[in-house]
Novice: 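Before I ask anything, here is the structure I am working with.
Counting convention: from 1, in listed order, for ligands and their atoms alike. Positions are given from 1, in the same order as the sequence printed here.
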Amino acid sequence: MSAPSMHPSDKSQLRRHFRSLRNSLSQTQQIAASEQILAQCHALTQYRDANFVACYLAQDGEITLTPIIEDAWQNGKTVCLPVLHPFCKGHLIFVKYRHNSEMILNRFAIPEPKLNVADIVPISLLNIVFTPLVAFDESAQRLGMGGGFYDRTLAPMIRNEISPQVFGVAHDCQRVEEGLVNEEWDIPMQKIITPSSIFNAS
Ligand SMILES: Nc1ncnc2c1ncn2[C@@H]1O[C@H](COP(=O)(O)OP(=O)(O)OP(=O)(O)O)[C@@H](O)[C@H]1O
Ligand SMILES: [Mg+2]
């Protein structure tokens, strides 16, 4: 975080600042970042051993996971994407994503696989959930877009020993040096993966 006047508890100001930073990255920087994230994942046994990985489709300057999605498909992993829960407001479900999945735009204009009950994957089956984020700190705290979707959806899994590994994915410029305020509802990330580094939960 570069602006010294910014207070870590002012989440809306932090979100504006870091969304604007990531949106100012060039196409070349974005492509390089996405390839570096795949290289980081290849070095992680959790990724190499994973059978079910939940990814996201990048919006708003987020790092695209396209290289990971392609790699996962090639290696026989099942790729899932988050879909807004049709009844349970503020929650996500994870749905299988294939080359030929029929996609629809949700109410945030984010593409998601058309909901087919047979394609829903229970969270307990997911090995890794890659989450987008707006800002992070070196102890792997995450600030998201503010909807609380991942927090709500993954909260019941936190005490569960078979819960997925939750890895935040971010550009290096999204790091808050002063640290983020941890809200009681924020679900912990096991790692934040950036193109240059991996930050582990403290
Ligand atoms: N487990 C939960 N139960 C009830 N409300 C929750 C829960 N988790 C988050 N919320 C609500 O969601 C709101 C947004 O949460 P927060 O600011 O942590 O979003 P975020 O983590 O940045 O967003 P996202 O997870 O969608 O990227 C909070 O103000 C809180 O009221
Ligand atoms: Mg949160």
Novice: Find the distance between NE2 (His171) and OG (Ser196) and round it off to the nearest 0.5 Å.
Specialist: 12.0 Å
Novice: What residue and atom, counting heavy atoms only, is the protein's closest point to atom 9 (C) of ligand 1, and at what distance?
Specialist: Trp185 CD1, 3.2 Å
Novice: Using 0.5 Å steps for rounding, measure from the CD atom of Glu62 to the CD atom of Gln30.
Specialist: 9.5 Å
Novice: Would you say the Mg ion (ligand 2) has Glu183 as a near neighbour, meaning an N/O/S atom of that residue under 2.8 Å away?
Specialist: no
Novice: Please give the atom name: the N, O or S atom of Asp186 nearest to the Mg ion (ligand 2).
Specialist: OD1
Novice: May I ask you to test the Ile68-Cys55 pair for a side-chain heavy-atom distance under 4.5 Å?
Specialist: yes
Novice: For atom 7 (C) of ligand 1, which candidate among Arg152, Glu183, Glu184, His91 holds the nearest heavy atom?
Specialist: Arg152
Novice: Using the ring of each side chain (for Trp, its six-membered ring), is Phe149 parallel, tilted or perpendicular to Phe108, with breaks at 30° and 60°?
Specialist: perpendicular
Novice: Assess whether side chain to side chain contact (heavy atoms under 4.5 Å, CB included) is satisfied between Lys96 and Val121, documenting all intermediate values.
Specialist: CA-CA 7 Å; Lys96 286 180 191 169; Val121 173; 3.7 Å; yes
Novice: Going by the closest heavy atom to atom 8 (N) of ligand 1, which one wins out of Leu14, Thr131, Asp151, Thr153?
Specialist: Asp151
Novice: Considering all protein heavy atoms, does one lie under 4.0 Å from atom 22 (O) of ligand 1?
Specialist: yes
Novice: If you compare all heavy atoms of Pro67 against all heavy atoms of Glu35, which two are closest, and at what distance to 0.1 Å?
Specialist: CG-N, 4.4 Å
Novice: What atoms in ligand 1 come closer than 4.0 Å to a heavy atom of Asp186?
Specialist: 18 (O)
Novice: Show me which atoms of ligand 1 lie under 4.0 Å from any heavy atom of Phe149.
Specialist: 24 (P), 25 (O), 26 (O)
Novice: Does a salt bridge link Asp60 with Arg19, judged by any charged N lying under 4.0 Å from a carboxylate O?
Specialist: yes
Novice: With heavy atoms of Gly146 as the reference, note each atom of ligand 1 found under 4.0 Å away.
Specialist: 14 (C), 19 (O), 20 (P), 22 (O), 23 (O)
Novice: Determine whether Asn51 and Lys77 satisfy the following criterion, side chain to side chain donor-acceptor pair (under 3.5 Å), listing intermediate values before the conclusion.
Specialist: CA-CA 5 Å; Asn51 294 318; Lys77 302 180 196 298; over 6 Å; no
Novice: Could you tell me the residue and atom name of the protein heavy atom closest to atom 19 (O) of ligand 1, and the distance to it rounded to 0.1 Å?
Specialist: Gly148 N, 3.3 Å
Novice: By atom name, which N, O or S atom belonging to Asp151 lies closest to the Mg ion (ligand 2)?
Specialist: OD2
Novice: Say whether, by atom type as modelled, one donor and one acceptor occur between the side chain of Asp151 and the main chain of Ile187 under 3.5 angstrom.
Specialist: yes
Novice: Would one find an N or O of Leu143, backbone or side chain, under 3.5 Å from an N or O of ligand 1?
Specialist: no
Novice: Angle class for the Phe130/Tyr47 ring planes (parallel below 30°, perpendicular above 60°, tilted otherwise)?
Specialist: tilted
Novice: Please work out, at 4.0 Å between heavy atoms, whether the side chain, the backbone, both, or neither of Lys11 comes within that distance of ligand 1.
Specialist: side chain
Novice: Below 4.0 Å, non-hydrogen atoms only: which portion of Arg15 touches ligand 1? Side chain, backbone, both or neither.
Specialist: side chain
Novice: With atoms numbered from 1 as shown, which atoms in ligand 1 lie under 4.0 angstrom from a non-hydrogen atom of Arg142?
Specialist: 21 (O), 24 (P), 25 (O), 27 (O)
Novice: Does ligand 1 have any atom sitting under 4.0 Å from a heavy atom of Met145?
Specialist: yes
